[in-house]
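Okay, so here's the structure we're looking at.
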Amino acid sequence: RINGEEIPDDDLACVFTEVWECVERLLDAKTLASRPSFFEYLTAAAFLHFARAKVDFAVLEVGLGGRLDSTNVTEPRVAVITNIALDHQEILGSTIPAIAAEKAGVIKPGRPVVSSCEDPQAREVIRRRAAELAAPLIETSASAEVTILRSLDGKCEFDLEINGEVFAGLIPPLMGRFQVKNAVAAVAAAQQLARQGWKISPAAIRDGLAGARWPGRLEIVAEQPLVVLDGAHNPAAARVVAEFAREQWPGKHLRLIYASMRDKAMGEIGGLLFPLAEKIYLTSPNQARAATPEEILAATRVLSKEVVLEPEPARALEAALRESGPDDVILAAGSLFLVGEIKQALPSVLPDNVRLAAQAALEGH
């Protein structure tokens, strides 16, 4: 995205083709040992697109880990490490310190790093690496004081004092108390950039938080019934979704549409999400890595719950909508691939009375 606009299809085709042709030349010349991964192709295409557009500033999200990630060929003005939990253990390591070491790979010599890690072991790994590289470390737990004022429809209003600046009455549009921590990390990063000479005023920081959007993270796409989408593909994400559901929807009839990739901790995630629902629809996105509904059922414990095995996510959504009243909640969670397929299906399966609201949500209004 540039200035909030997704890359046009023709531009994507152009830069991707150029990257592909470059890879073919390097492979033929035997100067490239192996073909890049799909994510590496996309990253290179994005870099080329940003360069052609002469962007003033680019924000990059690491794909996996940090140390060996394809985005990590850059020299960032500031690095941000958010909370660390167990995920992708087969690649990043089986312990929090091991994963933290991979994440700490984004720290560069002399460049500031903002950390909102809560785990003591992870914090120690990041502190040690920052010290080794003489990188200024800003830990939000020590530099920020947050006062939660109120919760309104799942969104938190809060006061923030950080590094000598005060921001009163901040209300990011993202739902969930955990988003306050992410907002604080974003403010701390913006402050570091401002200190390097970038023209980022407190008013710009406030406006940036107010305009934040995060598709697929407690995203409301329809109302009456309420339809909420969340990636929640690891236990840490599922835990905050479960906490949010218990806080925001007590006493509501909730139907859960759940899917997972085969390599995820389905048993643990199911143990967190399944108790929320009175009915569970197990489904499977059109991905080779996706677990079948039968595999999910075998890997999870469903105690005294009504379970439907429906391989097609669109049909699972149709069934949940059919059986839900206007005050009920439908939560689709467990994979961003599921979120994508549900979004594609929405215009054709939603009842007319909620279609306009869903379309507005999809368009980001």
Side-chain angles (χ1 to χ4, degrees), residues 1-82 87-93 99 101-109 111 113 133 186 189 193 196 198 212-217 219 231 233-234 261-264 285-290 335-344 362-364:
R1 292 174 180 267
I2 295 179
N3 294 335
E5 297 294 327
E6 284 191 4
I7 181 172
D9 289 348
D10 288 347
D11 290 352
L12 175 59
C14 179
V15 292
F16 198 97
T17 298
E18 287 192 53
V19 171
W20 181 275
E21 290 173 346
C22 179
V23 166
E24 295 303 308
R25 290 195 298 272
L26 293 172
L27 288 171
D28 289 343
K30 301 192 184 310
T31 55
L32 189 63
S34 61
R35 186 172 295 280
S37 69
F38 181 62
F39 182 80
E40 289 166 337
Y41 272 110
L42 282 182
T43 303
F47 286 164
L48 183 56
H49 179 57
F50 293 160
R52 295 266 168 83
K54 296 182 170 59
V55 300
D56 297 309
F57 205 90
V59 180
L60 305 177
E61 182 185 7
V62 166
L64 180 64
R67 183 174 65 93
L68 300 177
D69 192 78
S70 57
T71 60
N72 205 26
V73 297
T74 59
E75 289 288 332
R77 297 280 185 158
V78 61
V80 180
I81 301 175
T82 56
D87 197 12
H88 302 291
Q89 291 103 305
E90 71 284 359
I91 296 173
L92 301 181
I99 295 174
E102 294 296 322
K103 301 280 189 181
V106 301
I107 302 173
K108 298 299 172 71
R111 298 292 177 89
V113 54
L133 298 177
L193 294 172
Q196 295 177 37
W198 293 86
R213 300 289 182 271
W214 193 351
R217 197 69 174 112
E219 180 184 7
H233 63 274
N234 61 36
M261 298 299 102
R262 199 173 284 111
D263 56 348
K264 298 298 181 180
N286 185 24
Q287 291 287 329
R289 287 173 51 219
S335 169
L336 288 171
F337 292 113
L338 172 65
V339 169
E341 291 200 17
I342 292 289
K343 282 195 161 193
Q344 285 185 326
L362 290 173
E363 292 173 356

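Keep in mind the model is a prediction, meaning the values are calculated, not measured.
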Residues 37-59 vs side-chain hydrogen bond (donor to acceptor under 3.5 Å, both in side chains), sequence neighbours excluded, gives E18-R52, R35-Y41, S37-E40, T43-S70

Least distance between heavy atoms, K103 atom then I81 atom: O-CD1, 3.9 Å

Quick one: CG on D263 to CZ on R289, what's the gap to the nearest 0.5 Å? 4.5 Å

Scanning both residues in full, the closest heavy-atom pair of L336 with G216 reads CD2-O, 4.2 Å

Of all residues at least two apart in sequence or in a different chain, which pass the side chain to side chain donor-acceptor pair (under 3.5 Å) check with R111? none

Name the atoms and distances for all side-chain donor-acceptor pairs under 3.5 Å in residues 25-32, with sequence neighbours left out.
from	atom 1	to	atom 2	distance (Å)
T31	OG1	L26	O	3.3

What's the shortest heavy-atom distance between P285 and A290, and which atoms? O-CB, 3.5 Å

Looking at CD of E61 and OG1 of T82, how far apart are the two atoms once the value is rounded to the nearest 0.5 Å? 8.5 Å

What is the distance from atom CD1 of I2 to atom CD of E5, rounded to the nearest 0.5 Å? 10.0 Å

Is there a donor-acceptor pair under 3.5 Å between the side chain of K108 and the backbone N or O of T74? yes

Quick check: closest heavy atoms across P215 and K343, and the distance to 0.1 Å? CB-NZ, 3.8 Å

Under the side-chain contact (heavy atoms from CB on, under 4.5 Å) rule, collect the residues that match up with V62, sequence neighbours excluded. D69, T71, V106

Between Q287 and F337 (side chain of the first, backbone of the second, donor and acceptor by atom type, cut-off under 3.5 Å), is there such a pair? no

Does a sphere of radius 6.0 Å around CZ in R262 hold more than 12 heavy atoms from other residues, nucleotides or ligands, not counting ones at 6.0 Å or beyond? yes

Got a sec, which residues hit ring-ring contact (aromatic ring centres under 6.0 Å, His included) with W198, two or more places apart in sequence or on another chain? F57

Donor-acceptor pairs are to be reported for all side-chain atoms of residues 6-17 against protein atoms at under 3.5 Å, with residues two or more places apart or in another chain.
from	atom 1	to	atom 2	distance (Å)
E6	OE2	R1	NH2	3.3
T17	OG1	A13	O	2.6

